[in-house]
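For reference, the structure is listed below as structure tokens.
Side chains are part of it too, since the values below use all heavy atoms of this structure and drop only hydrogens, waters and symmetry mates.
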Amino acid sequence: MSAIEKIKAKARADVKHIVLPEGTEPRTVQASAKILKEGVARVTLLGNPDEVRKVAAETGTDASVRAAEASGAAPQTVGAAAPQRARPR
């Protein structure tokens, strides 16, 4: 098992929640989708949920992540198969 695989296995064993800035940046949306797919963390992207949804669609990314505006508005889950609003945790 490679060093990266060991790190991922440890992360999967104790899943944390991370918040990423620049939630409308295509690379950030794509990276968050990969993080979710691999099951290593829960992700919240900072940015307008509608813009995050648009970037995900433009890049062909299934970004079922939570997006929240820095203003403190309620986070929303975005992505093709995701509901419009996420339940608070």
Side-chain angles (χ1 to χ4, degrees):
M1 181 182 279
S2 72
I4 296 295
E5 288 303 318
K6 288 179 185 177
I7 292 169
K8 287 180 182 179
K10 188 174 179 180
R12 280 186 210 100
D14 186 22
V15 176
K16 301 292 183 187
H17 180 207
I18 58 175
V19 178
L20 299 174
E22 301 176 4
T24 57
E25 168 65 36
R27 293 177 300 167
T28 304
V29 174
Q30 292 170 331
S32 64
K34 186 174 181 178
I35 289 167
L36 288 172
K37 181 179 178 185
E38 293 182 1
V40 297
R42 293 176 312 181
V43 180
T44 297
L45 297 175
L46 292 183
N48 180 300
D50 292 330
E51 290 180 33
V52 174
R53 212 175 274 113
K54 179 181 173 190
V55 171
E58 288 173 353
T59 60
T61 305
D62 178 19
S64 297
V65 299
R66 291 166 52 97
E69 295 193 44
S71 66
Q76 294 184 19
T77 301
V78 299
Q84 291 295 315
R85 284 253 177 223
R87 288 187 286 187
R89 292 186 184 236

Under 3.5 Å, which donor-acceptor pairs link side chains of residues 1-9 to any protein atom two or more places apart or in another chain?
| unit_1 | atom_1 | unit_2 | atom_2 | d |
| --- | --- | --- | --- | --- |
| Ser2 | OG | Glu5 | N | 3.2 |
| Lys8 | NZ | Glu38 | OE1 | 3.2 |
| Lys8 | NZ | Glu38 | OE2 | 3.4 |

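Residues satisfying the side-chain hydrogen bond (donor to acceptor under 3.5 Å, both in side chains) test with Lys37, not counting sequence neighbours, are none. Among residues two or more places apart in sequence or in another chain, the side-chain hydrogen bond (donor to acceptor under 3.5 Å, both in side chains) test is passed with Glu25 by Arg27. Legend: residues meeting salt bridge (Lys or Arg N to Asp or Glu O under 4.0 Å) with Lys10, ordered by chain and number and at least two apart, are absent. Remark: Ala31 engages no residue in a side-chain contact (heavy atoms from CB on, under 4.5 Å) (not counting sequence neighbours). Listed by chain and number, the residues in a side-chain contact (heavy atoms from CB on, under 4.5 Å) with Val15 are Arg42 (sequence neighbours excluded).
Here the closest non-hydrogen pair linking Leu36 and Val43 is CD2-N, 4.2 Å. Between Pro26 and Thr59 the shortest heavy-atom distance is CB-CG2, 3.8 Å. Between Ser32 and Leu20, the closest heavy-atom pair is CB-CD1, 4.4 Å. For Ala33 against Thr61, the heavy-atom pair with the smallest separation is CB-CG2, 3.4 Å. Pairing each heavy atom of Pro21 with each of Thr28, the nearest pair is O-CG2, 3.7 Å.
Considering CD of Glu51 and CG of Leu45, their distance stands at 12.5 Å, rounded to 0.5 Å. Residue Ile35 holds its CD1 atom at 4.0 Å from CD1 of Ile18, rounded to the nearest 0.5 Å.
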